[in-house]
Amino acid sequence: MKRTLVIGKESQDVEFIRQDGVTTLVWDGVSHSIDIMELEPGCFSILMDGRSVEVRLDPAKSPDPESHAYRAMLYDGSYEFALVDPRRALLGASGGAGASGGLLMSPMPGKVVKLLVAVGDVVQEGQTLLVMEAMKMQNELKTHTTGTVKTIHVGEGATVETGASLITVVAPEA
Amino acid sequence: MKRTLVIGKESQDVEFIRQDGVTTLVWDGVSHSIDIMELEPGCFSILMDGRSVEVRLDPAKSPDPESHAYRAMLYDGSYEFALVDPRRALLGASGGAGASGGLLMSPMPGKVVKLLVAVGDVVQEGQTLLVMEAMKMQNELKTHTTGTVKTIHVGEGATVETGASLITVVAPEA
Amino acid sequence: MPVTKILIANRGEIACRVIRTCREMGIPTVAVYSEADRGALHVRMADEAYFIGPAAARESYLVVEKIIDVCKRSGADAVHPGYGFLSENAGAARAFAAEGITFIGPRPESIESMGSKTAARVVAIAAGCPVVPGIQETMADEALLAASLKIGFPVMLKAAMGGGGKGMRLVHKPEEFTSSLARARGEALSSFGDDSVYVEKAIVQPRHIEIQIFGDTHGNHVYLHERECSVQRRHQKVIEEAPSPHVTPEMRKAMGEAALKVAKAVDYVGAGTVEFLADIDRNFYFLELNTRLQVEHPVTEWITGLDLVKWQIQVARGEKLPMTQEEIPLNGWAIECRVYAEDPDKNFMPSPGRITYLRTPSGRNVRDDGGVYEGAEVPMFYDPMISKLSTWGPTRIEAVERMRAALGEYRIGGIRHNIAFHEALMEHEPFRTGALHTGMLDEPFWKKKGQGPDLKFAVAAALLHELETEHRRAAQPAVNGDGKPDAWKQWGRFNRL
Amino acid sequence: MPVTKILIANRGEIACRVIRTCREMGIPTVAVYSEADRGALHVRMADEAYFIGPAAARESYLVVEKIIDVCKRSGADAVHPGYGFLSENAGAARAFAAEGITFIGPRPESIESMGSKTAARVVAIAAGCPVVPGIQETMADEALLAASLKIGFPVMLKAAMGGGGKGMRLVHKPEEFTSSLARARGEALSSFGDDSVYVEKAIVQPRHIEIQIFGDTHGNHVYLHERECSVQRRHQKVIEEAPSPHVTPEMRKAMGEAALKVAKAVDYVGAGTVEFLADIDRNFYFLELNTRLQVEHPVTEWITGLDLVKWQIQVARGEKLPMTQEEIPLNGWAIECRVYAEDPDKNFMPSPGRITYLRTPSGRNVRDDGGVYEGAEVPMFYDPMISKLSTWGPTRIEAVERMRAALGEYRIGGIRHNIAFHEALMEHEPFRTGALHTGMLDEPFWKKKGQGPDLKFAVAAALLHELETEHRRAAQPAVNGDGKPDAWKQWGRFNRL
C-alpha cells in the first residue's frame, strides 16, 4: 500500500507491505522489517531496527476528505501529518478541490458570542470574523481568505459542534 | 425481568424493570427508582435513593450454564453472586442437572505436574487428585465428590487452559 | 461545629481531590452535578449525588439555594466549596451559616475585606505588610496621571475589581498614559461592570511568589512556605513550584511573617494564599489574599507532607492547628503542570470533547490529580482542566527531570491537550535554570516540533491504520443499482469476516 | 565503568521501574523479552527490545549467553538484573565482567559469600553481628539433636541452601525432633538438591526487620534505615513498611551499624539488604544478606526521598555515595501492598489471564509500580505480581488510611486478585496497631465478605447486564430447519440494530 506523507508543505512517498506474515515499511527508498502490534485500541508497539517505540495514534478531522490527518503521541513528543492515497490525490488534482478554502469552520464545540462581519463585507486574511466561547474562554476566529463575506451560517448565541460551518468568504476571481 | 439471586446457599428474588425511560429495581419486595449508566465497558455508575455507587462488573465462568456468575468490585469491597432465570431454573430442576458435579476442571491456565490418582481409584471429598503449576507456584487440586475415578482427561506435563476438563469422579448411585 | 457529612459544591479534579481526603478521614461525601456532569468522575467517586440543574454554572453550581437544598435532603452538615464557583462568595458563606451549615472556608468578613484589591491593600498597609508603591485609591484621570508621575514610570494601571489580568495595562512613559487608561477603563467596565482603576509602580520582570497560610478559630496562624507561579500565559498560571528558586531562607521568613500580619489583621480562618510580586533584588510586595484553597496546593503538600484539605476540615471542626510554625517541614522540591484540554498549536484554543484514551503517568514521586477517565466528556461549559500533574525530587532539577519523564508517559486520546507544550517547557533553558518571571512566555518560545527521529514509527502506525481501514471498507455492504445494499452480497461478506 | 546504555535483564514491574529512572537520567534502555512477553509493558517502555526465546525463564531470561548477545547487538554496556532471575547469580556477574559489561550489582565474591546461609552466618559472627543462637554447621542427625538440646527447645531446623521457607521446621520438643528432621531433609533435598540442615534457636512470634544498605567502590557504606516485612503468608512477604513500628531510634542505630559490619566484611558494593529476626525484647539476629534490590525498596524511597536505582547506577559508574550516614533523611511512614493475580477465596490460587479492565489509584501520596496495562496478559510462566501499591503519610496510621482509600480506587477486571484481601488487612486490628509477627496470617483472619450494604448496587449492575444480553440474544441470527442461519432474516435483524 502506497501513500504520500504530507507535513506542512513537504511530502514524501511511503509504502507499507504485509506479505507472508512479514511487514515492511519503505521509507526514503529503504525497506525496514517491522514488528507492529496494536496492543490497545489506537496504541501500537513497534519494533524496527532494534528500536522499540510506542505510538498512540489519533485520526484527526481534516478539511480535505481525500487526505487523512493523524496526530501521534510518542515518548519523544507529538507528531502531526497527513497521508494521501496517491491515486486519489491525482483524481483530486484533476477535479479541482479548494472550493472549501473560504469556509470558516468551528474548531471546537462552543457558543457564538459575537459576529464581527456582515454579508458583503470585504475582509483580509487574518481578520477576526467572530468570537466564540468555550470553557470560560473567548476565542477569536480569523479567516485565511481575503475576499468578500458571502454567507453567515450561524447567529449570535448559537451553540455549534466541531466542524460546523460558520462563515463563507469568497476570494475575488483571479 | 425477574431473576433469582443466589449467594452461597441463600437465594432471593429480584426484578429489574425498564419502562418509559424509568428503571426500577425490586428488592425484598420494595421498588427503588434507579439511575444506572454504563460509563465504561463493565463499569456502572448507579444512583439510587440518593446514594452514588460505582460498580465494576465481571461476568465469571460458572460450572452450571443456567446460572450466571458475577464478580463485582465496589469501593466498599468485592461481591460474588449468581443470577438464575427462574424459568430456566424450573427446567433445570425437572431435567436433572448436576451430572457435571464430579468433573474436576482447571481453575487456571497452567501445567499438570503430577497426577495422584488412577482410573478406578476410590477418592474422598477433599482429596487431592492432581498438582498443577502456574506462576512458579504448585497448587493441589481437590475433588468435591466422593466416589470412583472414571476418566482422566489429561496427562502429566500437559498445559491446559482455564475450564479444561481434568478428572471425572463418579459418585456411587444413591 | 460538626462536620460529619460533606457536600462538595464543585466538580472536576478538585471535587475528586476533596473526596479522597474525606475517604481517608471516614467522612461521607455528597456530590452535586449539572446536566453536563451525570457521568463525571466526582459523581462516580462520591457516596451520594444530587442533580442541580442545567449545564451553565450560573444555573447550577453557582446557585446557593440549590446547594442548601441538597444539604437538607442529604443531611450534609458542611460544604467544601473547592476553588472558583462559590469559594470566595461571602454571601454564600453567610447563607450556609444562616442554615446551620458549616462553610469550609474563612469567615464571610474575611472574604469581603479581601474581595476588592484596593481594600485589601489598605488592610495590608495598616498591618505593616509591604505593598507595591502606588496610590491605593481609585481616582479621576488627571489625578491618576499626577500620581503616576510621582511614583515614576513605568507604572501599572489596574482595575479595582479585577482579576485574571483583565483591565491591567503597563504604561512605559507619560505619552502613552491617556490611551492606556482609556483601554484599561473600558476592559474593567466590560469585565467587571465597574471602571474604577488605580495605579501602581510597575515591577520589571516580576516574579509571582505566594505564601500558603492557615489560621484556626483559636487565633493561631502559620505559613506553609512559598510557591512560585511565575510561569504564566496571559496572566494565567501554567506551572507552579515549591519552594521558589528565588527565595532565600531569610526572604522566606520575611515573606511568611508579612503574610501572617495580613492574616491576623482579618482574623483569618482556614486555608488562604497571600500573593506577592517580587523583584530581582528580592523586594516583595503584597498583591492580594486569595481566601480559598488554591489550584496549586499539591506542591505545598509535597514539600510539607501535609494534607491541606484535612487541615481545612480540622479547622472547620474548631480544632487547633496541628502544628506550630517551627514544626512545618520543608523537604525537597515539587513542580506542578496544569494539563488542559487546549491546543497549543492553535493559540491555545479550548478543545472540549470525549477522551477516547487515557493513560496517566505513575511510579515514584509522581502525583496526578485528575477529574476525568477514559470515555469521559470534557464539557465545553467549564474550565478546560484535565488534571494537575505534579512531581517531587530532593532537588529542583530532579523534580524537573521526573516531570519530563512523567509527561512522556502521559497519553490522552480524542482531544487536544498541552502535554507537548509542558514537555517543551521542561527543556526550556530559562525554566530549567529557574530564571523565571511572569512575562517569560510572552516571547513565543513554543513552536510545533518538526520531524523528529521517531516520525517513521508514527507514520508506520498510521499506515497500518490505513491498511485496516481499507480492508474494513472492502468488507462493507455493497450497493445495488438502486442505492440499497444487496443483502445476499452483504451476508456473504459478513460471513467472511 | 561507563554506563551509557542499560540492558534490563528482567520483566514486569521491576523492569518498568528501572526504565523510569533511566529516562530521568537520560540513559537509553534495552529490554529483552520471551515469547510470552512481546506485548509486555517493559517492552513498550524501553527504547530498544530484543527477543530472547521461549516463555520458560530457564530458556530465556535465565540464559546469560543470550543476555550477553543482546548487549553486543544493542551496544548496551551495563546490565541491571532487577530482582530474581540473574540478580544473585555470581556466575552471571562474572560472565558479564569477562565481556566488559558492567553488572549493576555487587562483586561476584560478595554474592558467593552470601549465597549459603551457613557461610553468611560465619561471616556475620566474624564481623561481630549478632546471629540467632545455634550451630552454624550442617551436621549428622545425632549431632544436631545434641546441639538442639544445648541451645534449648524450641529450635528451628533450616536447609543450608534454602530460601522461601522450604526445608524449614519448627521443633517444639525433643520428642518431635527425629520426624521433623526427616521432613526438613526431604524438603531440602527435593527443593535444593542438597539435604544439609542446620539448627537455630526458634524465636517465638518473631518480626522480620531488614536494613537497606549501600556501598560504593571507594569503601563507603551507609544504611537507609529499616523496613518491616513481618506480614507474611507461607513465608512470602505480603505487606512491607518503613520504618518499623517495633524499632526505636537506638535499635535503628544498633541494627544499622550491625548491618554495616557485615557489609564491610564482604566489601559490599551497591544496594543490599541485611535481614534480621527481632524478638519482643528488641533483640535482633542476622539472617542473611540479599545481594540485590528488594521488591519492597519503594517504602525506603518514600521515607528517604531517594532513588535507589539511581544510586545503583551512580555506584556502578564508580561514583562515591552521594550522602554520608548523617545526611540520610527519615520522613514519615510508608506502606506497600503487593497486588497479585491470585484468588484469596481459593487458597490464593494463581490467576493468570487477560486484564480486561484496569484503573489504578492516584492522587496525593500514592505510588503504583505496575507492570501491566488494560488488555495485557498476565502470563502463567512468571510470578503473579500485578503491581506494588505504596502510600506515604506523616504518621503510620495516616499511611494506612491512605492505603485503605487507595485500595478502594483500584479496579482490576478479568482476573482474580488480592485487593479485597489487602483491604481486609488494613482493617485488621493487629495490623493497625502494629502488633506484627511473621505468623500473624497463619490463623486465617480472612473470610470472604458476606452481603454488605452495597450488594443491591452490585446486583443492579448485573441485572442490567442480563437484560442487555437477552436483548442481544434476541437480535442474533435465527436458525433454519437445517441449522444454517437464514440470511434474509439475519439481514433484517442486522438492519434493525
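Order of the sequence lines fixes the chain letters, A, B, ..., with proteins taken first and strands second; residue numbering starts at 1 for each chain.
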Within [range], residues adjacent to chain B where the heavy-atom gap is under 4.5 Å:
{"range": "residues 38-55 of chain C", "answer": "C:Arg38, C:Gly39, C:Val43, C:Arg44, C:Ala46, C:Asp47, C:Glu48, C:Ala49, C:Tyr50"}
{"range": "residues 62-69 of chain C", "answer": "none"}
{"range": "residues 6-31 of chain C", "answer": "C:Arg23"}
{"range": "residues 361-374 of chain C", "answer": "C:Tyr373, C:Glu374"}

Around atom [atom1] of [X], are there more than 12 heavy atoms from other residues, nucleotides or ligands closer than 6.0 Å?
{"X": "B:Lys150", "atom1": "NZ", "value": "no"}
{"X": "B:Glu161", "atom1": "CD", "value": "no"}
{"X": "B:Glu140", "atom1": "CD", "value": "no"}

